2 protein chains.
Amino acid sequence: MKGEVKNRRDKIINAFKEKGYRITSQRLAIFDILAKSDEHPSVDMIYKQIKKEFPVTSLATVYKTIVAVKELGEVLELGFSDGCNRYDGQKPYPHPHLICTVCKKICDPDLESLEHVTEELRKESGYKIDHHRIDFFGVCPDCQG
Amino acid sequence: MKGEVKNRRDKIINAFKEKGYRITSQRLAIFDILAKSDEHPSVDMIYKQIKKEFPVTSLATVYKTIVAVKELGEVLELGFSDGCNRYDGQKPYPHPHLICTVCKKICDPDLESLEHVTEELRKESGYKIDHHRIDFFGVCPDCQG
DNA sequence: CTGCATGCAAATAGTTTGCATGACG
DNA sequence: CGTCATGCAAACTATTTGCATGCAG
């Protein structure tokens, strides 16, 4: 098991250690939430959740920690211009999202046909495509009717 | 020619008139830029451009006007979390964009295969898909090498 | 021990808003 | 001429930053 990564949480911890970044209880709490939650939490959601079990944490620390996790490529930031960025610590690489415009739930659809789109674009544009951001907005089954 | 819409500018003007919104010289200047520019300008770019020929215009008016044009569905807002939203007055409906990460140029690629993706998603997710936001990031030919 | 991480508060930046004045229709 | 649009400045909000203190390594 030596050096083996069991889960996303450990992956993030290792990335921090390799960089010589310190492991603090605040950071661990943030890693936990990023690694475990599949709801694509916002900074505020993370902050509120941490406050419950660990009341002595500041918003600034949450922000600073997320910046570091981002730098290490261990979280995907879904920036929204209305000031409610969301974070995906489970799949830190670009992938499409499906967003309910009513309950704001965000989930990860499987979209095999997406490969073709990227390929088509690469061929025809002459761009060196690096990453993408693909969001579909609609009303989820729970919020319909 | 009566009532006929010659171009995007007139389309926007008509939309304003139908709503009983007034046509001012500031608004006309903003419509012009939205309708003519294919560079997906930011509010600031619009503001600076207007200032040249029409020095007595305020940023607030640009913002307020764009809000109105958005409400009428005559401009597409490309919101970015880093606070540099861009606007597309030529094609006010959702469509994919190709963004150069070096020079920040934004262009509209043709992507026929995108239809399949939306269809696949509609079928498999159960969501009522309303709109989407699709950005590809990379380095354009001009900025390569 | 040494320096990086924390918490607090102040600073930042894009956008929005309130209000008095001005001009469209 | 009444009402809505404008310009200014202040308010807002998510995020960032500076600095003194605290704790990881």
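Chain A is the first sequence line, chain B the second, and so forth, proteins listed ahead of strands; every chain is numbered from 1. Predicted model, so just to flag it, every value in this text is computed and none were measured.
- As rounded to whole Å, 11 Å separates atom C1' of C/dT16 from atom NZ of B/Lys70.
- Along DNA chain D, the stretch of nucleotides lying under 4.0 Å from any heavy atom of chain A spans, 5' to 3', D/dA14 to D/dG25.
- Nearest heavy-atom pair, B/Lys105 versus B/Asp142, reported as atom, atom and distance to 0.1 Å: NZ-OD2, 3.5 Å.
- Taking 4.0 Å as the cut-off between side-chain N and carboxylate O, A/Glu74 and A/Lys11 count as a salt-bridged pair.
- A close approach under 4.0 Å does occur between a side-chain nitrogen or oxygen of B/Tyr63 and OP1 or OP2 of C/dT15.
- A parallel orientation is assigned to the rings of A/Phe137 and B/His131, their planes being inclined by less than 30° (bins at 30° and 60°).
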Checklist outcome for this item: Per-nucleotide protein contact along nucleotides 20-25 of chain C, 5' to 3', at a 4.0 Å heavy-atom cut-off (B base, S sugar-phosphate only, - neither), is ---BBS

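- With ring centers used as reference points, A/His40 lies under 6.0 Å from A/His97.
- No side-chain N or O of B/His132 forms a donor-acceptor pair with one of A/Asp135 less than 3.5 Å apart.
- In terms of hydrophobic clustering, with Ile, Leu, Val, Met, Phe, Trp and Tyr side chains grouped at heavy-atom distances under 4.5 Å, B/Phe16 and B/Ile33 are assigned to a common cluster.
- The stretch residues 72-87 of chain B comes close to DNA chain C through B/Gly83, B/Asn85, each having a heavy atom under 4.0 Å from the strand.
- With DNA chain D read from its 5' end, the first of the two nearest nucleotides for A/Asp44 and A/Lys64 is the one closest to A/Asp44.
- Side-chain N/O atoms of B/Gln26 and B/Thr57 include no donor and acceptor closer than 3.5 Å.
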Checklist entry - When you look at B/Phe31 and B/Val69, which way does the side chain to side chain contact (heavy atoms under 4.5 Å, CB included) test go after all the steps? => result CA-CA 9 Å; B/Phe31 297 167; B/Val69 181; 3.8 Å; yes

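- Around the NZ atom of A/Lys91, the shell of radius 6.0 Å holds more than 12 heavy atoms that belong to other residues, nucleotides or ligands.
- Each of B/Leu59 and A/Arg27 lies near DNA chain C, and the nucleotide nearest A/Arg27 is the one positioned closer to the 5' end.
- More than 12 heavy atoms of other residues, nucleotides or ligands shown are found within 6.0 angstrom of CG on B/Asp130.
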